[in-house]
Amino acid sequence: MAEQLGSLARTHTCGALRSSDVGASVVLLGWVHRIRDLGALVFLDVRDRHGLTQVVIEQNDPLLDKAKRLRSEFVVAVFGTVERRSAETVNTAVPTGEVEVRVSDLRVLNEARTPPFSIAEDQNVSEETRLRYRYLDLRRPTLQHNIGLRHRITMALRRYFDDQGFYDIETPILTKSTPEGARDFLVPSRVHPGEFYALPQSPQIFKQILMIAGFDRYVQIARCFRDEALRADRQLEFTQVDLEMAFATPSLVFEIVEGALAACFGEIGVEISRPFRRMPYAEAMAKYGSDKPDLRFGLEIQDFGPLFTDSPFGIFREAVAHGGTVRGLVIPGAGSYSRRELDGLVEQARQLGAAGLIYARHTADGVQCSVKAVGDESTRAVLAQSGTTPNDLLVLASGAPDAVSKLLGQLRLQVAKQANLIPEGKWELLWVTDFPLFDWNADENRWDSVNHPFTAPREEDLARLESDPGSVLAKAYDVILNGWELGGGSIRIHDRETQATVFRLLGLSDEDARHRFGFFLESLEYGTPPHGGLALGLDRICALLAGETSIREVIPFPKTTQAVDLMCDAPSTVDPRQLRELSIRVTP
RNA sequence: GGGGUGGUAGUUCAGCUGGUUAGAACGCCGGCCUGUCACGCCGGAGGCCGCGGGUUCGAGUCCCGUCCACCCCGCCA
């Protein structure tokens, strides 16, 4: 039977008591972490989020029987006196280990069922069970730490942006659907049958309008919603640190964002060097086969096209002759791979979509290439140019430059992981810049925005906007940490004319544009300052700084890869009356 | 939508080429124990082997389907 808390207040948290508190009368409130019942003597560890304190109940104490009936995770109030532990019984593993509390009263504020997994023991539990009992998982040290870190990072960001003169401004959660980009989450309107709000994929248009409205510097820790497949680094709803500045240049955005990230790193005691490295998109794609290269390790992709213009090996020769190329990377330490390991590597490349993977290496009596037709001379040349030592293995693939690099880029990541080539505790930050503005969409016979339709072209490329859109680069930039995209942004189009041209290239008629963004286009005509900004993925920042590989570990209540909340069982069916009220009928 | 890994006690796992009564550790329950701190010792309970079908004299094990969790591709302006 639970006893009452009444007006009882704790005097100390369970992590607070030190030898300087010896003699004090204290009240501790917390959970029973562990009980050590020695028969005539019971030790009780009482826990809260601040720590653990040992409580002693000795023989002859009328509370002994009560203490023996305690179980894990009961909620208790402990009254007692702080005593110094004898030298032999000090526990150096916990900060409160020099003292213990001799009990004078003990109240059970609540009992607890035996939890499905232990809070006190640091054991692996399947994610399914953890998510089902998230309130228990959250009690465990890892999530207690991660959620605490997330709080500190959030607060550091708020302090930083306040110091930099940013206003924190909220934007609507119920807003207008814009068919570009990710799938929208729709919210039916009861008042307007058949009409829907959309949840924001990002506050993009609102923050631009805030610049037009004269708010200079805006920041928001904004929840965003995208109805797309989930991944370790993607949830249906996620949090952006969304910012925008009037009169912004790319270098101003870089400076502000680098400062913000430095503030985040400060919370884990790491000083990062600034300015960050910068790399054009084209170089990232060519050397790493990715627009978010992981620079913690080498294994850069190299181009060997010119070596194979006259190759006796038809596949390479033809590739180079038809606008393709031959690229490869050196895998350190793989020179001694067995036939089985080599076959495994080739199979791995096939799984990634490669037509084939060719390898070459030095041998005791010369050189070896998996395709004889390449010839010893070419093999020697390519091994020499690539810097392959007798220890290493060179792998090669041919095809369209971007496709080859993308393939090798994925192989690069897999190989690095398998061969343990990724150093721990390294932080490689960089800016990827100069993205193309458009992508050709062959299916729809039009251009697509690489970023979003409000991204400004580089000034030097403006003249080619209509004549050669594919060659136009954007004032867009992503910030990358250890191969994760932490954020992205751009300088925006601020004149009506350029915006209209871009919409036209995207295949949007004036009427379409007016229907979707009419209010926004109109706002551009009322004195829009040049502006730009960026959004950082807060979940990703927290995950990386917490040393986690999934953002679920820094989100209190995440969803599974099937988009289900296992704790509250959402989504779920609703009462038919609710649907009727919304004029919605569900078809089977 | 596609590919991969996994699903056996409350939890984490083992269970070989199909063959007695499906095991271990931790947890849980009971007992003993005055300085433990992952307390120790003794004893005990606990299983729809994810679910459905099939092959077989016999299925945790093989086959097909399906559900769930995780990873990747597609998707994520």
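Sequence lines set the chain letters: A, B, ... in the order given, protein chains first and strands last, and positions in each chain run from 1. Quick caveat, the model's predicted, so the values are computed rather than measured.
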Under the salt bridge (Lys or Arg N to Asp or Glu O under 4.0 Å) definition, can you give me all pairs with a residue in residues 479-488 of chain A, not counting sequence neighbours?
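Matches after skipping sequence neighbours: none remain.
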
So what does [X] touch, heavy atoms closer than 4.0 Å: a base, only the sugar-phosphate, or nothing?
| X | result |
| --- | --- |
| Gln414(A) | nothing |
| Val42(A) | nothing |
| Gln54(A) | base |
| Arg85(A) | base |
| Arg102(A) | base |

List in numerical order all residues of residues 224-245 of chain A for which some heavy atom is under 4.0 Å away from an atom belonging to RNA chain B.
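Heavy-atom cutoff 4.0 Å gives Arg226(A), Glu228(A), Ala229(A), Arg231(A), Ala232(A), Arg234(A).
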
Close N/O contacts between protein and nucleotides 31-33 of chain B (under 3.5 Å):
| residue | atom | partner | partner atom | Å |
| --- | --- | --- | --- | --- |
| C33(B) | N3 | Asp37(A) | O | 3.2 |
| C33(B) | N3 | Gly39(A) | N | 3.3 |
| C33(B) | N4 | Asp37(A) | O | 3.4 |
| C33(B) | N4 | Asp37(A) | OD1 | 3.4 |
| C33(B) | N4 | Gly39(A) | N | 3.2 |

Name all residues meeting the side chain to side chain donor-acceptor pair (under 3.5 Å) criterion together with [X]; count only those two or more places apart in sequence or in a different chain, and write none if there are none.
| X | answer |
| --- | --- |
| Arg496(A) | Glu525(A) |
| Lys66(A) | Glu3(A) |
| Glu128(A) | none |
| Gln144(A) | none |

Residue pairs passing the ring pair (Phe, Tyr, Trp, His ring centres under 6.0 Å) test where at least one lies in residues 480-507 of chain A, sequence neighbours excluded:
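Applying ring pair (Phe, Tyr, Trp, His ring centres under 6.0 Å) to every pair that reaches into residues 480-507 of chain A, excluding sequence neighbours, yields Phe503(A)-Phe517(A).
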
Counting only Watson-Crick or G-U wobble pairs whose two distances fall under 3.5 Å, which nucleotide matches C33(B)?
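The answer is none; no pair meets the criterion.
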
Could you work out which one of [options] sits closest to the side chain of [X]?
| X | options | result |
| --- | --- | --- |
| Leu41(A) | C70(B), C39(B), G35(B) | G35(B) |
| Glu128(A) | C70(B), U34(B), C68(B) | C68(B) |
| Val564(A) | A69(B), U11(B), G35(B) | A69(B) |
| Ser550(A) | C71(B), C68(B), G35(B) | C71(B) |

Side chains of residues 235-242 of chain A: which donor-acceptor pairs under 3.5 Å do they make with residues two or more places apart or in other chains?
| residue | atom | partner | partner atom | Å |
| --- | --- | --- | --- | --- |
| Gln235(A) | OE1 | Lys559(A) | N | 2.8 |
| Gln235(A) | NE2 | Lys559(A) | O | 2.9 |
| Glu237(A) | OE1 | Arg223(A) | NH1 | 2.7 |
| Glu237(A) | OE2 | Lys559(A) | NZ | 3.3 |
| Thr239(A) | OG1 | Arg150(A) | NH2 | 3.4 |
| Asp242(A) | OD1 | Lys207(A) | NZ | 2.7 |
| Asp242(A) | OD2 | Tyr218(A) | OH | 2.8 |

Find which nucleotide of RNA chain B each of Ser126(A) and Ala93(A) is nearest to by heavy atoms, and output the residue with the more 5' nucleotide.
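The answer here is Ser126(A).
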
First of Val125(A) and Glu88(A) reached from the 5' end of RNA chain B, by closest nucleotide
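Closest to the 5' end, via its nearest nucleotide, is Val125(A).
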
Residues two or more places apart in sequence or in another chain: which of them pass salt bridge (charged side-chain N to carboxylate O under 4.0 Å, His left out) with Asp448(A)?
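Salt bridge (charged side-chain N to carboxylate O under 4.0 Å, His left out) list for Asp448(A), sorted by chain: Arg446(A).
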
By the side-chain hydrogen bond (donor to acceptor under 3.5 Å, both in side chains) test, which pairs, at least two apart or in different chains, include something from residues 499-508 of chain A?
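As it turns out, the side-chain hydrogen bond (donor to acceptor under 3.5 Å, both in side chains) pairs with a partner in residues 499-508 of chain A, which skip direct neighbours, are Glu466(A)-Arg504(A).
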
Rounded to whole angstroms, how far apart are CD on Gln418(A) and P on C71(B)?
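Whole-Å distance recorded here is 18 Å.
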
Length of the CD-C1' vector between Gln201(A) and C75(B), whole Å
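Going from CD in Gln201(A) over to C1' in C75(B) covers 12 Å.
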
Atom pairs, protein N/O to nucleotides 24-29 of chain B N/O, distance under 3.5 Å:
| residue | atom | partner | partner atom | Å |
| --- | --- | --- | --- | --- |
| C29(B) | OP1 | Arg71(A) | NE | 2.7 |

